[in-house]
Every structure is written in structure tokens, then in C-alpha cells.
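See structure below.
All values below were derived from every heavy atom in this structure, side-chain atoms included, with hydrogens, water molecules and symmetry-related copies excluded. When a residue number appears, it is its place in the shown sequence, counting from 1. Keep in mind the model is a prediction, meaning the values are calculated, not measured.
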Amino acid sequence: MSQIVASMAGNVWKIAVSVGDKVEEGQDVVILESMKMEIPIAAESSGVVKHIYVQEGDFVNEGDVLIELE
């Protein structure tokens with residue numbers, strides 16, 4: 001089980017996966033928006049999306065858990 005965390009503070013602009021989706025290492029799973037810039041957050045390992053902790057429009061801080069993979 002691994003977690004995908006926010007690399008910086010910002011708003012969740014887009015969630016590119018759903019629970020049950022298989023993701024590959026390096027695949028963009030969430031896009032954050034900060035200071036009018038879009039920052040993609042990629043999976044650091046392959047797995048299946050077990051849980052999504054955020055919704056589009058949520059504000060997150062650096063280090064917050066966004067998605068859990070199994």
C-alpha cells in the first residue's frame with residue numbers, strides 16, 4: 001500500500017483517476033492549481049486506487065495524503 005501526497009499547497013483542480021483504476025508509476029493522478037499554475041501530481045509506484053481523500057475544489061497543504069494505492 002502506498003500513498004500519493006501533495007508536493008505543495010494548492011487547490012485540487014482535477015482528479016484524473018477513480019477508485020478501482022489501475023495506475024502506473026509516473027502517471028498523473030491529480031492536478032493541483034496554485035498561483036494560476038497547474039501542477040501535476042504523479043504516482044510514485046504502480047497500483048490500484050483504493051481511496052481518494054480529496055475532491056475537486058478542495059484546498060490541500062504540502063504533505064497531505066491525496067490518494068491511497070494498494
Side-chain angles (χ1 to χ4, degrees):
M1 179 171 61
S2 65
Q3 296 178 328
I4 300 170
V5 298
S7 59
M8 63 182 300
N11 290 309
V12 177
W13 183 73
K14 183 176 181 183
I15 300 172
V17 295
S18 300
V19 172
D21 287 356
K22 182 168 178 18
V23 297
E24 299 297 326
E25 181 179 349
Q27 178 180 339
D28 291 343
V29 293
V30 174
I31 299 179
L32 298 180
E33 185 272 328
S34 180
M35 300 184 339
K36 304 212 186 274
M37 294 177 55
E38 295 174 10
I39 298 95
I41 306 297
E44 295 181 4
S45 61
S46 299
V48 176
V49 177
K50 180 178 179 183
H51 191 77
I52 300 174
Y53 292 97
V54 294
Q55 296 180 358
E56 291 179 3
D58 286 356
F59 180 83
V60 295
N61 288 302
E62 181 178 353
D64 285 355
V65 177
L66 306 175
I67 294 177
E68 185 176 304
L69 301 177
E70 62 179 355

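Sorted by first and then second residue, the side-chain hydrogen bond (donor to acceptor under 3.5 Å, both in side chains) pairs involving residues 28-45 (not counting sequence neighbours) are S2-S45. Residue pairs satisfying the ring-ring contact (aromatic ring centres under 6.0 Å, His included) criterion with at least one member in residues 14-36, sequence neighbours excluded, are absent. For the salt bridge (Lys or Arg N to Asp or Glu O under 4.0 Å) condition, the pairs that include at least one residue of residues 4-22, sequence neighbours left out, are K22-E24.
Contact annotation: the side chain of I39 approaches that of M8 to within less than 4.5 Å [non-hydrogen atoms, C-beta and beyond]. Considering only heavy atoms from C-beta on, L32 comes within 4.5 Å of V60 through its side chain.
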Could you give the side-chain donor-acceptor pairs of residues 51-59 under 3.5 Å, partners two or more places apart or in another chain?
| unit_1 | atom_1 | unit_2 | atom_2 | d |
| --- | --- | --- | --- | --- |
| Y53 | OH | E68 | OE1 | 2.6 |
| E56 | OE2 | I15 | N | 3.1 |
| D58 | OD2 | Q55 | N | 2.8 |

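In plain terms, the two heavy atoms of G20 and V48 that are nearest each other are O-CG1, 3.6 Å. A pairwise comparison of heavy atoms in V65 and Q3 identifies CG2-OE1, 3.6 Å as the closest pair.
For the side chain to side chain contact (heavy atoms under 4.5 Å, CB included) test, residues two or more places apart in sequence or in another chain that qualify with E25 are S46. Residues satisfying the side chain to side chain contact (heavy atoms under 4.5 Å, CB included) criterion with A43, sequence neighbours excluded, are I4, V23, V29, L69.
I31 shares a hydrophobic cluster with W13; the chain of contacts runs through ILVMFWY side chains whose heavy atoms sit under 4.5 Å apart.
Both L66 and M37 are part of a single hydrophobic cluster, where members link through side-chain heavy atoms under 4.5 Å apart.
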